[in-house]
Each structure stands twice: as structure tokens, then as C-alpha cells.
**Student:** 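Okay, here's the structure, questions in a sec.
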Amino acid sequence: MEILETINLTKKYGKGDTEVIALNSANISVEKGEFVAIIGPSGSGKSTMLHLLGGLERPTQGTVKIENQDIYKLSENELAKHRRKKIGFIFQQYNLIPVLNVRENIEMPLRLDKAKVDNKYIDEIINFLGLTERQNHLPNQLSGGQQQRVAIARALAAKPAIILADEPTGNLDTKTTEEVMDLLKVSIKNYNQTLIMITHNEKIAEKADRIISIVDGNIISIN
Ligand code: ADP
Ligand code: ADP
């Protein structure tokens, strides 16, 4: 079943002489439960693509459909709501709040949204990610790998259908990278989620169901 589709998705920055076509008429289709890796050189448009898929910025042309809904036909409020319900973001920087403990960081998006916190489910994710003993610790008391696992737990807290990840293991050593990737893969399987991940790591890309390769804003191959 298709969960996400882009139609001639295009983003330009600047005007005239300074115009940059960051993404040029991208057409992709992603199935529910798929793990898709996005690869390409620096400045090729990967982050732009991820931001557009997540509704973080508006395309210049074309659109994104998620579960058959054209997300750019939504109002700003509806788009923000869609983003919080359907999408979990994971970035290279963990963006944890230093004065909140692990559990509070994980629950933060739900509390901001005044959503009901499903304590049992949060316990389950914390346990699954091996953070049970750490849930009262502050971020600066954790290793890099642990902090990234907190960021993953936070992304999972609202049970999103789609996880968008921008180099989530970029700061981690090889062993921790493998651990984090294994957890993510089990998570998407357990919760029937779709994972779209930018990576420079060939070993990670090889494990994806498909690899989308972008150069100079153009998708040059989908394998
Ligand atoms: P990648 O993630 O592959 O490194 P990006 O999507 O960040 O690539 O960038 C694609 C192109 O768009 C680059 O040429 C970059 O300089 C340009 N770009 C990205 N964001 C902006 C912005 N906010 N303003 C102007 N140009 C931008
Ligand atoms: P990694 O190899 O994942 O970066 P570290 O070597 O940084 O891990 O940390 C190893 C262990 O020490 C981890 O269990 C981590 O929680 C703990 N630790 C790291 N930094 C701190 C800190 N500032 N305060 C308390 N515990 C820490």
C-alpha cells in the first residue's frame, strides 16, 4: 500500500542570478513499511527533499501526498497538526532539552500538543530502546548513542506512520551506529512504520529496501 507520493516536487531558493534549484521535479512513491535511504553528495538537495516530505517548508512547484492527502492543500494549522500526528523527525543533532530528563524529553511533543500521554506505550518504547535505567537522567549525563536513542523515542512517542531521519547516526561511532540502526529497524517493524533516511553511510544504505540517489537536485536513480 502506498503511503507517500511526490508529484513533480520542486524547490527553488533565491531569484534571478542567485536562483538555486535545490530539488527539481522529484517523483517518488513509498510503500507503507518501507525503509528508503536517500543518498547523494553534499548540497544535492537531500535535506530539502526531507523537509518538503515532512511539511517543514513549502514547495515552489509540485506537491506531496501522504495517505492520499495533498499536504500542501492544508492550511498552516492543519499542516502543523498533520506533522505532529503523522511524522516523526530524527536529526543528527539530538535537540534534547537540557533541563528536562529523558522521560520528560520523550513526552515533550505530546505535552506541547496537549495530547494524552499513553504511559504504558512510553514505558514500552523506553524499555525497547534500553533507556529504562536512564529515564530520570538529564541529556548531558548520557552518551551520544543514548542521546540519539532518546531522540528516537521522542520521534516515536506520537506513534507516527512515517519517520523522517536526517543523518541520524552521523555523530555516532560504528558500533553505536549499528545499535541505533538495529533498534530503528525493529521499531519500524513492530509499529508498521515507514522510514525515510538520509545517510552518507554506505553500509546503512545497503540495508534499505530502496535507495534514492540525488545529484544536483535531480533524482538520478531509484534502486
Ligand atoms: P543536502 O542536504 O543534499 O546537503 P540541501 O537540500 O541542504 O542539500 O541543499 C540543496 C541546495 O539548496 C544547496 O545548493 C543549498 O545551498 C541550497 N539551499 C538549501 N537551503 C537553502 C536556503 N534556505 N536558502 C538558500 N539556498 C538553500
Ligand atoms: P559512547 O561510546 O556511546 O559515546 P561513552 O563512552 O560516552 O559512550 O559513555 C559510556 C557510559 O558512560 C555510558 O553508559 C554513559 O551513559 C556514561 N556517561 C557518559 N558521559 C556521562 C556523563 N557526563 N555523566 C554520567 N554518565 C556518563
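Position 1 is the first residue of the sequence, and the numbers go up from there. We count ligands from 1, going down the list as the structure has it; atoms in each ligand are counted the same way. We use all heavy atoms of the structure for the numbers below, so side chains are in, but hydrogens, waters and symmetry mates are not. This one's a predicted model, so the numbers in the text were calculated from it and none came from an experiment.
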**Student:** Tell me which protein heavy atom sits closest to atom 8 (O) of ligand 1, plus the residue, atom name and distance to 0.1 Å.
**Tutor:**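 Answer for atom 8 (O) of ligand 1: G45 N, 3.1 Å.
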**Student:** I'd like to know if E78 pairs up with K85 as an ion pair, taking the criterion as any Lys NZ or Arg NE/NH1/NH2 lying under 4.0 Å from an Asp or Glu carboxylate oxygen.
**Tutor:**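 No salt bridge links E78 with K85.
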**Student:** Return yes when G14 approaches ligand 1 closer than 4.0 angstrom through a heavy atom, no otherwise.
**Tutor:**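 In this structure, G14 fails to qualify as a contact of ligand 1 - no heavy atom is under 4.0 Å.
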**Student:** Under a 4.0 angstrom heavy-atom cut-off, which atoms of ligand 1 come close to S44?
**Tutor:**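 Contacts of ligand 1 toward S44, numbered from 1: 1 (P), 3 (O), 8 (O).
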**Student:** Of S47, G40, S42, G43, which has the heavy atom at the shortest distance from atom 2 (O) of ligand 1?
**Tutor:**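 Among S47, G40, S42, G43, the closest heavy atom to atom 2 (O) of ligand 1 comes from S47.
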**Student:** Honestly curious: do I188 and I196 fall in one hydrophobic cluster under the side-chain, below-4.5 Å linking rule?
**Tutor:**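 Each belongs to a different hydrophobic cluster.
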**Student:** Using a 4.0 Å heavy-atom threshold (strictly under), name the region of V20 that reaches ligand 1: side chain, backbone, both or neither.
**Tutor:**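 Looking at V20 and ligand 1, just side chain atoms fall under 4.0 Å.
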**Student:** Check whether more than 12 heavy atoms from other residues, nucleotides or ligands sit under 6.0 Å from atom CG of D216, and answer yes or no.
**Tutor:**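 No, the 6.0 Å shell around CG holds no more than 12 heavy atoms from other groups.
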**Student:** Report, in ascending order of atom number, the atoms of ligand 1 lying under 4.0 Å from any heavy atom of K46.
**Tutor:**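 By the 4.0 Å cutoff, the relevant atoms are 1 (P), 2 (O), 3 (O), 4 (O), 6 (O), 8 (O).
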**Student:** Among protein heavy atoms, which lies nearest atom 12 (O) of ligand 1, and at what distance?
**Tutor:**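 Sorting protein heavy atoms by distance from atom 12 (O) of ligand 1 puts A22 CB, 3.3 Å first.
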**Student:** Under 4.5 Å between side-chain heavy atoms, hopping through other hydrophobics if needed: is there a path connecting F89 to I71?
**Tutor:**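 They do share one cluster, since a chain of ILVMFWY contacts under 4.5 Å joins F89 to I71.
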**Student:** Atom 17 (C) of ligand 1: which protein heavy atom is closest, and how many Å away?
**Tutor:**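 For atom 17 (C) of ligand 1, the nearest protein heavy atom comes out as Y13 CD1, 4.0 Å.
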**Student:** Between K120 and E124, does at least one N-O distance fall below 4.0 Å, as a salt bridge requires?
**Tutor:**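 A salt bridge is absent here (no side-chain N lies under 4.0 Å from a carboxylate O).
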**Student:** Distance under 4.0 Å to a non-hydrogen atom of P41: what atoms of ligand 1 satisfy this?
**Tutor:**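 Selected atoms, number and element: 3 (O).
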**Student:** For residues S47 and I198, determine if any side-chain heavy atom of one lies less than 4.5 Å from a side-chain heavy atom of the other.
**Tutor:**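 Yes, their side chains come closer than 4.5 Å.
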**Student:** Starting from atom 9 (O) of ligand 1, locate the nearest protein heavy atom and write down its residue, its atom name and how far away it is, to 0.1 Å.
**Tutor:**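 The answer is T48 OG1, 3.9 Å.
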**Student:** Determine, counting only non-hydrogen atoms of the protein, whether one lies under 4.0 angstrom from atom 15 (C) of ligand 1.
**Tutor:**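 Not a single protein heavy atom is under 4.0 Å away.
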**Student:** Picking from T169, I204, L129, I90, what satisfies side-chain contact (heavy atoms from CB on, under 4.5 Å) with L184?
**Tutor:**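 Between L184 and the candidates, side-chain contact (heavy atoms from CB on, under 4.5 Å) is satisfied uniquely by I90.
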**Student:** Identify the residue among V150, V117, D123 that makes a side-chain contact (heavy atoms from CB on, under 4.5 Å) with R103.
**Tutor:**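 The side-chain contact (heavy atoms from CB on, under 4.5 Å) with R103 is passed solely by D123 among V150, V117, D123.
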